[in-house]
Amino acid sequence: IGNHTISDHDAPAGIRHPTPAQILEVSSNVGALQVGLRMSGTQHRHILSELGFGRPSGGGFGGESRGRLPALPWPTVRHTSISYGYGLSATALQVLTAATAIADEGRLHPPRLVDRRSGPGSDLLDRRLAVELGEELALGSGDLVHRLEHVHRDADGAGLIGDGPG
């Protein structure tokens, strides 16, 4: 791009046009910029803004950073670098909020801080399951997303993760 060469560290051999899942799996800068360049800078910035970047998360947490989403116009080099996460800044909460919106077919849910739950089965996440998921996350298991999609209910139908709306 311009005088800059964009590459991937340890890119898998033979994949010239990765799927979105492959782009995320290998953290592909090249794949991310290919997606980013399919839209204008205006469209790209609008999508990032709608996902919550460049503004507080809406969870009502005091002192939360807005992050940084640069104003338009974006030169090509900025547009491509923003595609793979450079040139902007975000809090972990903004990244998590955006990821959950993508996982929920584009529905953005402001984050909530849960103080406590009461009653039977009041743990937010079954402790045994939390340990297993934590181990899989640490190992980078490809099965983690699949497991997370299905841990909402255990075999008895008791809630494991957030039974409430959002």
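Hydrogens, waters and symmetry mates play no part in the numbers below; they use all other heavy atoms, side chains included.
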Can you hop from [X] to [Y] via hydrophobic side chains spaced under 4.5 Å?
{"X": "Leu72", "Y": "Ile47", "value": "yes"}
{"X": "Tyr86", "Y": "Val95", "value": "no"}
{"X": "Leu48", "Y": "Val35", "value": "yes"}
{"X": "Leu93", "Y": "Ile102", "value": "no"}

Between [X] and [Y] (side chain of the first, backbone of the second, donor and acceptor by atom type, cut-off under 3.5 Å), is there such a pair?
{"X": "Ser27", "Y": "Leu24", "value": "no"}
{"X": "Asp8", "Y": "Asn29", "value": "yes"}
{"X": "Arg68", "Y": "Ala90", "value": "no"}
{"X": "His79", "Y": "Gly36", "value": "yes"}
{"X": "Arg66", "Y": "Pro56", "value": "no"}
{"X": "Arg45", "Y": "Trp74", "value": "no"}

Of all the heavy-atom pairs spanning [X] and [Y], show the shortest one and how long it is.
{"X": "Leu108", "Y": "Glu50", "result": "CD2-O, 3.3 Å"}
{"X": "Ser83", "Y": "Leu33", "result": "CB-CA, 3.7 Å"}
{"X": "Tyr84", "Y": "Ile6", "result": "OH-CD1, 3.3 Å"}
{"X": "Pro70", "Y": "Leu88", "result": "CD-CB, 4.2 Å"}
{"X": "Ser7", "Y": "Val30", "result": "CA-CG2, 3.8 Å"}

task: Applying side-chain hydrogen bond (donor to acceptor under 3.5 Å, both in side chains), name anything that partners Thr97, two or more places apart in sequence or on another chain.
output: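 Counting only residues at least two positions away or on another chain, Thr97 forms no side-chain hydrogen bond (donor to acceptor under 3.5 Å, both in side chains).
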
message: Going by side-chain hydrogen bond (donor to acceptor under 3.5 Å, both in side chains), name the residues that satisfy it together with Glu64, two or more places apart in sequence or in a different chain.
response: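 Testing Glu64 for side-chain hydrogen bond (donor to acceptor under 3.5 Å, both in side chains), a comparison that skips the adjacent residues, returns Ser57.
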
Salt bridge (charged side-chain N to carboxylate O under 4.0 Å, His left out) against Arg107, all qualifying residues, sequence neighbours excluded: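 If we apply the salt bridge (charged side-chain N to carboxylate O under 4.0 Å, His left out) test to Arg107, skipping adjacent residues, the hits are Asp104, Glu105.
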
[atom1] of [X] to [atom2] of [Y]: how many Å apart, nearest 0.5 Å?
{"X": "His46", "Y": "Leu69", "atom1": "NE2", "atom2": "CG", "value": "12.0 Å"}
{"X": "Gln22", "Y": "Glu25", "atom1": "CD", "atom2": "CD", "value": "7.0 Å"}
{"X": "Leu96", "Y": "Thr91", "atom1": "CG", "atom2": "OG1", "value": "9.0 Å"}

